[in-house]
Amino acid sequence: GWGENTREVIRFEISEDFWSTHDHIKSASELSAGCDYSLFKAGIKPMWEDPRNNNGGRWLISLDKKQRSSELDNYWLEVILCLIGEAFEESSEDICGAVVNIRPKGDKLSVWTADCTNRDGIMKIGQKLKERLGIQVKGSIVYEAHNDSMKKSGSVAKFRYTV
Ligand code: MGP
């Protein structure tokens with residue numbers, strides 16, 4: 001019959017529940033300084049110590065203070081849409097999650113990936129992210145290995161890749 005020609009391509013478990021929650025929580029720009037939102041794949045904790053993050057890193061987008069009112073919420077929504085829409089195609093497997101940090105010195109958005117040595121995957125993700133956010137400036141997004149973030153002194157870890 002007709003059904004024999006259909007095949008499950010991907011399975012989604014995020015949908016109405018996710019959006020009804022999203023619609024009722026504060027937007028990122030309304031959070032108090034020092035707060036974060038994290039969205040991770042099921043079973044991955046939003047911390048370096050999780051085995052899936054342990055050898056990974058993050059694409060980091062640092063915003064300046066005035067972007068909290070103009071860009072932050074749109075960027076965060078676009079990051080969420082990239083994650084749940086598998087925007088990174090075959091590199092989606094490498095994605096662990098995403099974080100937004102609300103900080104007085106400037107907010108941060110990041111996309112965490114599983115393997116800081118997977119250059120090809122990381123570059124594809126970084127380029128796609130930049131394209132989806134509509135960021136034009138060269139070198140404005142940097143990738144840090146969590147291992148380097150753990151060892152950094154001050155706020156800046158060395159970065160391994162940039163787009
Ligand atoms: P932060 O909250 O990611 O950034 O990390 P913030 O507040 O802008 O600070 P900065 O240092 O990047 O300028 C703040 C601090 O929390 C880090 O320096 C770590 O000491 C600690 N920390 C952050 N993360 C994500 C982790 C983690 O995953 N594991 C552990 N053990 N500590 C973490």
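For this chain, numbers begin at 1 and follow the sequence in order.
Connection of L109 to V137 is not established within any shared hydrophobic cluster, with ILVMFWY side chains joined at heavy-atom distances below 4.5 Å, either directly or through further cluster members. In terms of hydrophobic clustering, with Ile, Leu, Val, Met, Phe, Trp and Tyr side chains grouped at heavy-atom distances under 4.5 Å, M47 and M150 are assigned to different clusters. Under the 4.5 Å side-chain heavy-atom criterion for ILVMFWY residues, no single connected hydrophobic cluster contains both V142 and I95. In this structure, V100 is a member of the same hydrophobic cluster as I84, with clusters built from ILVMFWY side-chain heavy atoms closer than 4.5 Å. Linking Ile, Leu, Val, Met, Phe, Trp and Tyr residues whenever their side-chain heavy atoms come within less than 4.5 Å places V111 and I102 in a single cluster.
Listed here is the closest heavy atom pair of W48 and S149: CZ2-CB, 4.0 Å. Across C116 and R160, no two heavy atoms sit closer than the pair SG-NH1, 4.0 Å. When all heavy atoms of D73 and S29 are compared, the pair lying nearest together is OD2-OG, 2.5 Å.
In this structure, Q136 places its CD atom where only 12 or fewer heavy-atom neighbours from other residues, nucleotides or ligands lie under 6.0 Å away. Environment of NZ in K45: sparse, with no more than 12 heavy atoms of neighbouring residues, nucleotides or ligands closer than 6.0 Å. For K158, the NZ atom counts as loosely surrounded, since its 6.0 Å shell holds 12 or fewer non-hydrogen atoms of other residues, nucleotides or ligands.
Between K128 and C82 there is no side-chain heavy-atom pair separated by less than 4.5 Å. For the pair R132/L81, a side-chain contact is recorded, criterion being any heavy-atom separation below 4.5 Å from C-beta on. Looking only at side-chain heavy atoms (C-beta outward), D64 and Q67 come within less than 4.5 Å of each other. Side-chain contact between F18 and I80 is present, with heavy atoms from C-beta onward closer than 4.5 Å.
Taking the six-membered ring where tryptophan is involved, the planes of W19 and H22 are perpendicular, since the angle between them exceeds 60° and thus also 30°.
Between the side chain of W59 and the backbone N or O of Y161, no donor-acceptor pair lies under 3.5 Å. Not one N or O on the side chain of D107 forms a donor-acceptor pair closer than 3.5 Å with the backbone of L63. Not one N or O on the side chain of K108 forms a donor-acceptor pair closer than 3.5 Å with the backbone of L60. R68 contributes no side-chain N or O that, together with a main-chain N or O of A28, makes up a donor-acceptor pair within less than 3.5 Å.
How far NZ of K152 is from NE2 of H146: 12.0 Å, rounded to the nearest 0.5 Å. In this structure, S140 OG and I135 CD1 are separated by 5.5 Å, a value rounded to the nearest 0.5 Å. Atom OG in S91 sits 10.0 Å away from atom CD in Q127 (nearest 0.5 Å). To the nearest 0.5 Å, atom CG of residue N147 and atom CG of residue N53 are 12.5 Å apart. Atom OG1 of T162 sits about 7.5 Å away from atom CE of M123, to the nearest 0.5 Å. We find the CG-CD1 distance between L133 and I141 to be 6.0 Å, quoted to the nearest 0.5 Å.
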Exercise. Hey, mind stepping through V99 and R58 against side chain to side chain contact (heavy atoms under 4.5 Å, CB included) and telling me if it holds?
Worked result: CA-CA 9 Å; V99 181; R58 61 174 182 175; over 6 Å; no
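Sorted by first and then second residue, the side chain to side chain donor-acceptor pair (under 3.5 Å) pairs involving residues 111-120 (not counting sequence neighbours) are N55-D115, D94-N118, S110-W112, T113-Y143, D115-T117.
Taking the ring-ring contact (aromatic ring centres under 6.0 Å, His included) definition, one finds that Y75 meets it with nothing, sequence neighbours left out.
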